[in-house]
J.: 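Encoded as structure tokens, here's the structure I'll be asking about.
Positions are given from 1 along the sequence.
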Amino acid sequence: MEKEEKYRLLLAQVTSLVEGEDDEVSVMANVSAAIHETMGFFWTGFYVVKPVKPDGDGTEELRLGPFQGPVACMHIGYGRGVCGTAWQRAETVVVPDVEAFPGHIACSSLSRSEIVVPVFDARHRVKAVLDIDSREMGTFDEVDARWLEQIVTLLA
């Protein structure tokens, strides 16, 4: 089955999974599982924007959320690595070769390419990012970006 068709079916599945659900953790868990199983990626998951200290100065970071795959980094700073860059830019970042991305955070040496898609809240602020890694270089392109951006709009 070609990539477009897989994504078309995945979008329908995710739409059904999240319809009427209001628990963000449960939704992110099922969405990451659906993407991971359907597409066969190496690592699929979410990082959620959280305060560094609950009673702190307002500084935020990305914290590991629901995911599928091997263990992962738990804290990522604003503008750091691919995830932090997607958060800072508020746009999808496609990285064909993670070794060529300045400041890449290597949570796993097996990751070769990556795509990170921001998840926006109702006020269009980034509330999380969807991070997907592949063991192969050049896995992700504009097709992945377009479909994954549609999928994350279901989490708003």
J.: More than 12 foreign heavy atoms under 6.0 Å from CD of E4: is that the case here?
T.: yes
J.: Is any side-chain heavy atom of I35 closer than 4.5 Å to a side-chain heavy atom of L130?
T.: yes
J.: Going by side chain to side chain contact (heavy atoms under 4.5 Å, CB included), name the residues that satisfy it together with E37, two or more places apart in sequence or in a different chain.
T.: none
J.: I need the full list of ring pair (Phe, Tyr, Trp, His ring centres under 6.0 Å) pairs touching residues 50-73, with sequence neighbours left out, sorted by first then second residue.
T.: W43-F67
J.: Between OG1 of T139 and CD of E114, what distance do you get to the nearest 0.5 Å?
T.: 11.0 Å
J.: Just wondering, do L62 and V49 contact through their side chains at under 4.5 Å, heavy atoms?
T.: yes
J.: Over all heavy atoms of both residues, which pair between L17 and A34 is shortest? Give the atoms and the distance, please.
T.: CD1-CB, 4.1 Å
J.: Quick one: ring-ring contact (aromatic ring centres under 6.0 Å, His included) partners of F41, sequence neighbours excluded?
T.: F140
J.: State yes or no: do V117 and F101 share one hydrophobic cluster built from I, L, V, M, F, W and Y residues joined by side-chain heavy-atom distances below 4.5 Å, directly or via other members?
T.: no
J.: Do V94 and D144 have side chains that approach each other closer than 4.5 Å (heavy atoms only, starting at C-beta)?
T.: no
J.: Can you sort out the partners of K6 under salt bridge (charged side-chain N to carboxylate O under 4.0 Å, His left out), two or more places apart, ordered by chain and number?
T.: none
J.: Quick check: does any side chain N or O of N30 sit under 3.5 Å from a backbone N or O of A33, one acting as donor and the other as acceptor?
T.: no
J.: Can you list the residues that meet the side chain to side chain contact (heavy atoms under 4.5 Å, CB included) rule with M137, with sequence neighbours excluded?
T.: D97, R112
J.: Identify the two heavy atoms, one from G138 and one from S113, that lie closest to each other, and give their separation to 0.1 Å.
T.: N-CB, 3.7 Å
J.: Using side chain to side chain contact (heavy atoms under 4.5 Å, CB included) as the criterion, list what pairs up with Q150, not counting sequence neighbours.
T.: L11, R146, W147
J.: Does E5 have any salt bridge (charged side-chain N to carboxylate O under 4.0 Å, His left out) partners at least two apart in sequence or in another chain, and if so, which?
T.: R8
J.: Going by the rule ring-ring contact (aromatic ring centres under 6.0 Å, His included), which residues pair with F42 if we only count those two or more places apart in sequence or in a different chain?
T.: none
J.: Can you give the donor-acceptor pairs under 3.5 Å from side chains of residues 119-128 to other protein atoms, not counting sequence neighbours?
T.:
from	atom 1	to	atom 2	distance (Å)
D121	OD1	R123	N	2.9
D121	OD1	H124	N	3.1
D121	OD1	R125	N	2.9
D121	OD2	R125	NE	3.1
D121	OD2	R125	NH2	3.1
K127	NZ	E24	OE2	2.8
K127	NZ	L155	O	2.7

J.: For A29, what residues pass the side chain to side chain contact (heavy atoms under 4.5 Å, CB included) criterion, not counting sequence neighbours?
T.: P66
J.: Measure the shortest side-chain to side-chain distance between V48 and M28 over non-hydrogen atoms and say whether it is less than 4.5 angstrom.
T.: yes
J.: Nearest 0.5 angstrom please: R63 CZ to M74 CE, how far?
T.: 8.5 Å
J.: Scan for disulfide (SG to SG under 2.5 Å) pairs involving residues 39-95, sequence neighbours excluded, and state none if there are none.
T.: C73-C107
J.: Can you run down the side-chain hydrogen bond (donor to acceptor under 3.5 Å, both in side chains) pairs that involve residues 78-93, sequence neighbours left out, and say none if there aren't any?
T.: T92-E149
J.: Can you confirm whether V31 sits close enough to I151 that some side-chain heavy atom of one is under 4.5 Å from a side-chain heavy atom of the other?
T.: yes
